[in-house]
Each structure stands twice: as structure tokens, then as C-alpha cells.
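Since the model is a prediction, treat every value here as computed from it, not as a measurement. Chain letters run A, B, ... following the sequence lines, proteins first, then strands; residues in each count from 1.
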2 protein chains.
Amino acid sequence: MQTMNIYDIAAEAKTSISTVSRVLNNKGNVNPEIRQRVEEVLKKYDYKPSAIARGMVSKTMKSIAILTVDVRVTHYARMVYVIEQIFSNEGYNVTVCNTGGSISECGRYFEILSEKQVDGIVLIGSVFNELIHYPEMTARIKGIPVVVANGQVKQPDFYSVMVDDMKGIRSVVDYLYEKGHRDLLYLYDLETESSRAKCQGFLEAMKLHDIAGAEKNVVHCRYGLEGGLEAAEEICQLGIPFTGIVCGEDITAIGVMKGLKKKGFRVPEDIAVTGCNNSPDSLICEPELTTLDNKPELLGDMCAQLLKDVLEGRKALSNVAIQPELMIRGTTQ
Amino acid sequence: MQTMNIYDIAAEAKTSISTVSRVLNNKGNVNPEIRQRVEEVLKKYDYKPSAIARGMVSKTMKSIAILTVDVRVTHYARMVYVIEQIFSNEGYNVTVCNTGGSISECGRYFEILSEKQVDGIVLIGSVFNELIHYPEMTARIKGIPVVVANGQVKQPDFYSVMVDDMKGIRSVVDYLYEKGHRDLLYLYDLETESSRAKCQGFLEAMKLHDIAGAEKNVVHCRYGLEGGLEAAEEICQLGIPFTGIVCGEDITAIGVMKGLKKKGFRVPEDIAVTGCNNSPDSLICEPELTTLDNKPELLGDMCAQLLKDVLEGRKALSNVAIQPELMIRGTTQ
DNA sequence: TTGAAAGCGGTACCAC
DNA sequence: GTGGTACCGCTTTCAA
């Protein structure tokens, strides 16, 4: 049994394809008797209309794409998950693209996605801010609505949901200040808009607390556990003139903590450590990590809703920024 | 400027759509002069052929789907990543579906995917073994090749790449035995084919070492950190008649370890703990977790290659099973 | 209420 | 080499 098309169904039900189409989509009036006949044939062959043929006329396959640096990063996966659930519920399918942070990879995806006429795109990660410098890339998806999660690309059809990273880190510093910490180090790894905002939040908070010279206390290291370990090494060479280390990422914070412990320092007794992301990792390490929850699920949800609004013609420009929330755990006291 | 189609291009280049199609696909011979003309028009309008229209005749949109319980689980995300990279390199796009482990969700996805005529499907996770009991579900994707990662569904068009979980756990027990352990507990959480194989591996290994009554030492707990903590509680109530705990999942192992430490037990001095998956988590916890590396990247790679083989008409039935490898770390001695 | 027919934007076959 | 044309499988308009 070859796979049936609408003509076969019409023939077997002794009617026209127009009528079959009508019962298929519940559109227009159909004589109950004929409808009955058609439905029987439909069932008999377990007929499924071709989404491709349908897409040919409707100009949409009901699909969206998510571009992310790497789904293996839990923080991104959490957003991908939420967005996928929301859109799959509406009959969309969600294609996932790992760009590795490379703009040219991103461009390659844009090309394919535009040929496949996806309905919308979600860009996860503030790396995609760079796109603003590559109009020849964004030109490839002209007309396709794009939602950037925690990033802004000021171009037509680009929308954003922001996370207030700056304020978030400020609240971390405020908290540490309250706890009596004055000598804080800020450790960042990735160099994205988001990490810059965090860094700025650190500096602003220090200034607000009248702590001078905080600029010297901003240090860069490689991303990840290894990066954190290396950073701990360096920090120890400075003789640890700090009572607290504020990190831009949980995993780096965890690495730093491991490194410090290896060197004989106690966390939090000798030195406090904080991370950012409220990742599952932060509950695995010991002590559990005080971290900034930037609510990836909420972010993903808001991105999905915003994109849906745009696709369905609503003009709901979400301007609210997500406010991270401090999760106080064992690495600070 | 409306988006151009092949007719517009042909008109502007003063030729026929056939010729445009030829230069587009580099098929057949085209007079260099005309080709030149066509290419100019193509460039001028930055023309992109519609993949949907193309799909209409070729019956494929060059897309595959990956079904997984939950991409937020790093172990799955690692496979998704690898498969996505391989297929996107070939011009495919990869849609990701989170079934939450529910067969009916899986069925819903099958329906959509079959309407969209994906070229192939990868099922990640041995939960999908259940499908064998739901022929009405698999009927929905009749004709679409499916590769199951570490699972087997004996039906036409279903292919498998297996991981030898049983042997893997056997090697864990062997190692612990060598280290002098005789009283081992096996802790499992999920109830999948894979977890059953692991459990069987445990029992077989114990039998091979002439340790009787191992069946009583198989305990179930909830999945995850919490589950592990609860399990530790229970185990402590047994008075810990064990010197080692073999776990089916890293995260559960980590939970158990945390729980035991809270109760004053030392790992590995008082009790050894092992996990399974060689997840990043296993490097975060302290001490670092001895764990079975079941090589998700390799598994993903092999699934992708197998699917490609099938799609491209090669009959490369991969029968080799992946052999997990023991990563010895700090939780055993 | 129904059906014929015109697209949708390509591919591929077949004359010329 | 080139162009006409018949599909691919639907939706939609328009007469009947």
C-alpha cells in the first residue's frame, strides 16, 4: 500500500479533493453523509496529509529553530527544554543548532533555516549580540522574527528578553558587604555582553559601598572547572588578599573553590565564593555554592511567549527584564 | 522586493526555469554565457530556492528528529550535540523532542514527524524499548528509519547501537573485588532496560566471585541527588553492612555519598561509591567519583553514522556494542 | 454544498 | 544546450 494522497482518498470516498480538504481541516460545510464517508476512508488508510505540500501553499512548516552555543551546557539546555515544550504543544517542531559561538557557523545555519522557511528563531546566549556587527549574516534571515535571550540586536524583526545581570551581581556584592566582606575579587571567564554587564555590576556595587580600586580586582580566567583551578593557583600567588571571590559562572566558581581547598584554604571560613546560574552543579559541590539564580526556565518561557506573540500577530513587546535572585548556600557566611 | 522564485529569476535572466534549475544544482550542461547571466541575477537578488518546494518533489526536507526523555540531562545532551553536529554538516536540520519518557507523548511526536516527513529518527535512551509493546505508535512512522541508542525495538526499519551496560557494571564489581570489597550494594533508580542490564551485570559478577546472596543487596531509590540522599538514610538504618555501593547513575551516587558523609561516614575510607555515566558531575563532587564511562559521544557518533548509512542506502548494520570504560577516581581505593 | 481548476516553487523528463 | 511541461500534494477561490 503506497502512501495515500488526497486524490486517492477523494476517489475512494467518491467525492472531490476539495471536500476531503474540507473535512480534513473542518472548514466550510460538508454534507454529513459525505463527511462520514470521507472520514471512514481517512481512518481506513490512516491517512496523514503531507506537511510539506501543505507548507508549499501556507508558506510555513510550523517549525522554529533555536541557536545556542552548545546544548551540552545545562544552562542552555534548560532554556531549550522549556521552549521546545511550549512550541511542540502548538504543533511546531523545534530544530536545535549548536553554533559553537562562531559567527560563521551561525551564518551557515541562517542560510539553511531561511531556505527551510522556519517561522521563527530563538538565539540563546549573549554571544549573539555580536550579530549586530554582521548585517550580511542577519540579512539571510530577513523577515523571520528572532528572539534573543539575554541579548539585543537592534534590527528589524529582532526582539529581546533581558536578564538584569548587572543588578544581579550587584546584589551579590551587597550581600557579601553586609556579611562584612570588603576585599572582593571578581573573576570572569567568557567575554560576552552578559559577562561585561556582570563585571560592571561588580564595579558599581563596590563604588556604591565606597570601596576604591575595585578595578584592579577584576581578573580573567579560562571557562570551566579547569579555568577555575588555574585561577585559584594565580590567586594564591597573590597571597590571597581577598575575603571573597565573586564569579561569573558556577562551574568556574566551583573550580576556584576546589583549587583553594587544595591549597589549604577553607571555604567559606577563610574565603567566600559565589557563582552565577544556580546550576545543578551548585548543589553537587561541597559546600553548596551560593549563586545567582538567573532563571533560565523563566527566560526560556518568556522568549517562547514573545515569539508566539509575534508569530500570531500580537504586538506584545516585552520590556521587562528578568531579575536574578540570590541563592544563599554554604560557600558564603 | 518580494522574495523571488525560480520563474522570476528565469525571466530576468532571459532564459527558462529549467536552465536556472540546472545552474542552481550544477546539473547538466549550460552555456557558460547563460550560466553567467543566471548567476548574476541569482546574486543580485540573493536568491534562495525554497526547501519546501524542493521537498515537495524530492519527498524530503533533509531533516531528522531526535527523541529523548529530557535534553536537560547532560548525558542525553551530549549525544544530541554530537548527532546534531554530524547531520548539520550534511545540510540536515535536527529537531529535538522531549518526551518526558511518556509513550503517548512519543506517539504525538511520531505523528507530527511523519506528517513532516523527516528522513530519520534517533531515539535516545533505553526507555524507548517500551515501544515494542505499542505497535500502533510505531505504525505512525512506518517507513522512516529509526536508530535506537542503547535500545532495541525489533521491527522493520529499526536499528540499534548498543552499550554493554552489563559488562560495564561487571567490570566495576571486578575492580572493587580486587580492591578487597566483598559486601557490595547495588543501587538503581530508573527502571529501564539499561538499568536492568546493569543490575544483571552486578549479580553476575557477584556470582562469578562466589559471593552468595547478592540479590538481597539490590536496592531501589528515586533518581537524582535527592534520591541518593534518601537512599543513604535507608542504608544507614541497615547499619551499613557494606563496604561499597555501586550505583546505576552518577547523580544518585553523588547523592548517596553526600548522605553518607552527613552521617559521618568517610568515602572512600569507610565505604566506596561508584557511579555510571562519567558525567561532568563526577568531577565536581568530592572526592571525585569513580564511574563507568559509557561514552555518550561515541554512542551518538555511531548512531549518526548508522542512520546516515541507512539514509544513503548503505547496508551497514552495526552490531558492535560499545564497551564502557571504568574511570577510577577518589571514591574508591 | 460541491467540484474544477489555479496556484505554491521547485525537479525532471522529453522534445527540439 | 535549451525550454516546454507534467508532476509533487495540498489549499483556496470561484462557479455551478
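Qualifying side chain to side chain donor-acceptor pair (under 3.5 Å) partners for B/Ser114, counting only residues two or more places apart in sequence or in other chains: none. Legend: residues meeting side-chain contact (heavy atoms from CB on, under 4.5 Å) with B/Asn31, ordered by chain and number and at least two apart, are B/Glu33, B/Ile34.
Side-chain atoms of A/Val57 lie closest to C/dG7 of the nucleotides D/dG1, C/dT1, C/dG7. Ranking D/dC10, C/dG3, D/dT2 by closeness to the A/Thr15 side chain, first place goes to C/dG3. For B/Ser16, taking side-chain heavy atoms from C-beta onward, the closest of the listed nucleotides C/dT2, D/dG3, D/dG9 is D/dG3. If you check C/dG10, D/dT2, D/dT11 against the side chain of A/Arg54, the one that comes closest is D/dT11. Distance from the side chain of B/Ser21 is smallest for C/dT11 among the nucleotides C/dG9, C/dT11, C/dA4.
Distances shorter than 4.0 Å separate some side-chain N or O of B/Asn31 from OP1 or OP2 on D/dT2.
The NZ atom of A/Lys59 sits 9 Å away from the P atom of C/dG10 (whole-angstrom rounding). Rounded to whole Å, the distance from CD1 on B/Ile17 to P on C/dG10 is 9 Å. In this structure, A/Asn25 atom CG and D/dT13 atom C1' are separated by 15 Å, rounded to whole Å. Across the protein-nucleic acid pair, B/Met56 atom CE and D/dA6 atom C1' stand 13 Å apart, rounded to whole Å.
Heavy atoms of A/Ile52 sit nowhere under 4.0 angstrom from any nucleic acid atom. Contact annotation for A/Ser50: backbone-only contact, meaning every heavy-atom pair under 4.0 Å involves sugar-phosphate atoms and none involves a base. Looking at heavy-atom distances under 4.0 Å, B/Leu24 makes no contact with the nucleic acid at all. In this structure, A/Thr19 reaches the sugar-phosphate backbone alone: every heavy-atom distance under 4.0 Å involves primed, P, OP1 or OP2 atoms, never a base. At the heavy-atom level, B/Ser58 lies nowhere under 4.0 Å from the strands shown.
For the pair B/Asp8 (side chain) and B/Asn5 (backbone), a donor-acceptor distance under 3.5 Å is present.
Sequence order on DNA chain C of the closest nucleotides to B/Arg22 and B/Pro49 puts B/Pro49 first from the 5' end.
With a 4.5 Å cut-off on side-chain heavy atoms, A/Asn150 and A/Met79 do not count as touching.
Remark: the B/Ser88 side chain and the A/Tyr109 side chain contain an N/O donor-acceptor pair separated by less than 3.5 Å.
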